[in-house]
Amino acid sequence: MQKELTCQLCGGPGPLCDSHVIPEFVYTDLYDEKHTFHVVSTLSTPTKKFEQKGIREKLLCAKCEGQLSKYEDYAKRVIQGGVPLTVTRETGVVKVEDIDYE
């Protein structure tokens with residue numbers, strides 16, 4: 001008998017989405033012109049040499065996936081631009097302000 005998978009965020013029953021283990025935007029600089037990247041693996045015979053969507057697993061239900069995607073979008077705009085930030089440098093310390101942590 002196969003154990004039913006549960007959402008790793010809310011603990012609710014499936015079905016589960018193919019959730020990105022690492023947010024999709026982190027892969028942007030790895031993609032080539034065909035939107036693929038070379039998979040690096042510690043396995044002696046990796047299952048795939050190229051990937052198009054980043055590493056994914058059955059982790060979250062659709063509701064939690066949608067909720068988390070809002071936070072990932074904000075993080076993307078903070079890291080890659082789009083959210084106005086105040087950055088100051090003081091004696092070897094970089095201070096970043098105006099990030100909305102809520």
Side-chain angles (χ1 to χ4, degrees):
M1 181 177 202
Q2 186 177 6
K3 181 181 173 186
E4 185 172 331
L5 299 175
T6 59
C7 176
Q8 297 299 299
L9 191 58
C10 72
L16 302 180
C17 300
D18 282 328
S19 305
H20 286 102
V21 175
I22 298 170
E24 175 70 13
F25 76 86
V26 175
Y27 293 92
T28 302
D29 291 335
L30 299 177
Y31 290 130
D32 62 15
E33 64 281 349
K34 295 178 185 175
H35 201 266
T36 61
F37 68 94
H38 188 79
V39 175
V40 178
S41 175
T42 59
L43 300 174
S44 59
T45 54
T47 56
K48 291 184 177 182
K49 291 186 177 185
F50 295 94
E51 197 54 83
Q52 289 187 313
K53 288 271 193 177
I55 311 282
R56 293 165 290 169
E57 290 184 17
K58 298 279 187 193
L59 293 175
L60 305 175
C61 67
K63 181 179 177 184
C64 289
E65 183 77 27
Q67 182 66 29
L68 195 58
S69 71
K70 292 188 289 188
Y71 297 114
E72 288 180 1
D73 178 63
Y74 182 73
K76 175 184 177 180
R77 292 184 293 119
V78 166
I79 293 168
Q80 295 182 342
V83 174
L85 302 172
T86 303
V87 180
T88 55
R89 291 179 172 84
E90 302 170 7
T91 318
V93 175
V94 177
K95 186 176 178 182
V96 180
E97 297 178 285
D98 302 321
I99 296 175
D100 180 2
Y101 289 98
E102 288 185 38

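It should be emphasised that the depicted structure is a prediction, and the values quoted were computed from it without experimental measurement. For the numbers below, each heavy atom of this structure counts, side chains included, while hydrogens, waters and symmetry mates do not.
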For residues V94 and V83: do they belong to one hydrophobic cluster (side chain heavy atoms under 4.5 Å, members Ile, Leu, Val, Met, Phe, Trp, Tyr)? yes
Note: V78 and L85 closest approach over all heavy atoms is O-CD1, 3.9 Å
Rounded to the nearest 0.5 Å, what separation is found between the CG atom of L59 and the CD atom of E57? 5.0 Å
Heavy atoms, side chains only, cut-off 4.5 Å: are R56 and V21 in contact? no
Taking CG in D29 as the centre, count heavy atoms belonging to other residues, nucleotides or ligands within less than 6.0 Å. Is the count above 12? no
So which heavy atom on Y74 is nearest to which on D98, and how close? OH-O, 4.1 Å
Same apolar cluster (I L V M F W Y, side chains within < 4.5 Å links), V26/I79: yes
How close do C7 and C61 get, counting heavy atoms only, and between which atoms? SG-N, 3.4 Å
Is there a side-chain contact between I55 and I22 (heavy atoms, below 4.5 Å)? no
So CG of L68 and NE2 of H20: to nearest 0.5 Å the spacing works out to 11.5 Å
Between F25 and Q80, which heavy-atom pair has the shortest distance, and what is it? O-NE2, 3.4 Å
Apply side-chain hydrogen bond (donor to acceptor under 3.5 Å, both in side chains) to K70 and list each qualifying residue two or more places apart in sequence or on a separate chain. Q67
